[in-house]
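Written out below as structure tokens is the structure these notes cover.
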Protein chains: 2
Amino acid sequence: MGTTKSEVFSEKVNDLASLFKAMGHPARIAIVQFLRAQEKCICTDLVNELPLAQPTISQHLKELKNAGIIQGSVSGTSICYCLNLDKLGELDVFLASLKYDQVPTCCS
Amino acid sequence: MGTTKSEVFSEKVNDLASLFKAMGHPARIAIVQFLRAQEKCICTDLVNELPLAQPTISQHLKELKNAGIIQGSVSGTSICYCLNLDKLGELDVFLASLKYDQVPTCCS
DNA sequence: CATAAATATCGTAATATTACAATATTAAAA
DNA sequence: TTTTAATATTGTAATATTACGATATTTATG
């Protein structure tokens, strides 16, 4: 008990859930928004921008990177992060798949 | 420690994170997909469809309902659930706001 | 009213997440 | 090569999430 029963769901469903989950924290939304505004940034920029400790920022960056939402490239002693909009595009595709051609009248 | 520091983020960022979080579980993705396919359903339909116990389904439905992603209307002894695509549209708007007119060349 | 059907709630065990201090790692700069 | 800057990792306390058995609630039906 306590663990998500991932094994009973399809890979596609699990992947989508992981992607949504990665976006399901205000710090990570803020990071993504900051990255969008700055085009790119390093960890220190975020540490200065957000009222969270450096290890916490680093942890959130790692989760976003594992989810494929951001990518980082080494640049001297720092790491330059930027958005991978292709990955977020998968959410677009999913959300579009939920839309109806004709909106049903139930529950309205 | 242990708690998300919501108070340091804007209401908008917190709301978006909550919405993503609500979609961040495979059971809830599956419920949303089933609802899309059936247009509407009751809890028992989902209990028959998904290999999860009834209280677990009920708990997930509650989270989706709290997030505004689904809505339920009483119908006899059962409750008829359906999607609220307007709420999911908020995610569309956010994802669209991340897109660039001109894709930057960083990190590529 | 007793029963049944559908759903919600409670209680709880197992696990996951969040945040951060302390520390390690890595690469440039002095 | 020591120092500095940037970032990652480790360890851990506090809290949240997940799943489900047991039980309560609610509404129709006999």
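None of these values were measured; they are calculated from a predicted model. In what follows, chains carry the letters A, B, and so on, assigned in the order in which the sequence lines appear, proteins first and then strands, with residues in each chain numbered from 1.
Proximity of B/Val13 to B/Leu16: side-chain heavy atoms (C-beta onward) are nowhere separated by under 4.5 Å. Contact annotation: the side chain of B/Asp45 approaches that of B/Phe34 to within less than 4.5 Å [non-hydrogen atoms, C-beta and beyond].
The distance from atom CG of B/Leu46 to atom P of C/dA6 is 13 Å, rounded to the nearest whole Å. Here C/dT18 presents its C1' atom at 12 Å from CD1 of A/Ile57, a figure rounded to the nearest Å. Remark: C1' of C/dA6 and NZ of B/Lys62 are 17 Å apart, rounded to the nearest angstrom. In this structure, NE2 of A/His60 is placed 15 Å from P of D/dT9, rounded to the nearest angstrom. In this entry the distance linking NZ of A/Lys40 with P of D/dA6 reads 16 Å, nearest Å.
When all heavy atoms are compared, the tightest approach of A/Ala67 to A/Lys87 is O-CE, 3.3 Å. Residue A/Ile29 comes nearest to A/Met23 through the heavy atom pair CD1-O, 3.3 Å, listed as atom of the first residue, atom of the second, then distance. Shortest non-hydrogen contact noted between B/Arg36 and A/Tyr100 is O-OH, 3.1 Å. Among all heavy-atom pairs drawn from A/Leu52 and A/His60, the shortest one is CD1-CD2, 4.4 Å.
Across all strands shown, A/Ile42 has heavy atoms under 4.0 Å from sugar-phosphate atoms exclusively, and none from any base. Among the heavy atoms of the strands lying under 4.0 Å from A/Ser58 is at least one base atom, whether or not backbone atoms are also near.
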**Request:** Quick one, give me the B/S/- string for nucleotides 24-30 of chain D, reading 5' to 3', where B means a protein heavy atom under 4.0 Å from the base and S means that only happens at the primed atoms, P, OP1 or OP2.
**Result:** ---BS--
**Message:** Within the 4.0 Å limit for protein heavy atoms, which parts of nucleotides 11-17 of chain C are touched? Write it as a string from 5' to 3', B for base, S for sugar-phosphate only, - for none.
**Reply:** --BBSSS
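No more than 12 heavy-atom neighbours from other residues, nucleotides or ligands sit within 6.0 angstrom of NZ on B/Lys65. For B/Glu11, the CD atom sits in a loose shell: 12 or fewer heavy atoms of surrounding residues, nucleotides or ligands are nearer than 6.0 Å.
For C/dC20, the OP1/OP2 oxygens have a side-chain nitrogen or oxygen of B/Lys5 closer than 4.0 Å. OP1 or OP2 of D/dC20 sits under 4.0 Å from a side-chain N or O of B/Thr56. In terms of phosphate contacts, A/Tyr81 brings no side-chain nitrogen or oxygen within less than 4.0 Å of OP1 or OP2 of D/dA6.
Here the straight-line distance linking atom CG of B/Leu19 with atom CD1 of B/Ile69 works out to 5.0 Å at 0.5 Å rounding. Going from atom CD1 of A/Ile79 over to atom NZ of A/Lys40 covers 14.5 Å, rounded to the nearest 0.5 Å.
For the pair A/Ser6 and A/Ile79, nearest-nucleotide mapping onto DNA chain D gives the more 5' position to A/Ile79.
Within residues 48-55 of chain B, the residues having any heavy atom under 4.0 Å from DNA chain D are, by residue number, B/Leu52, B/Ala53, B/Pro55.
Between B/Phe9 and A/His25, the ring planes lie perpendicular to each other; the angle is over 60°, past the 30° to 60° tilted range.
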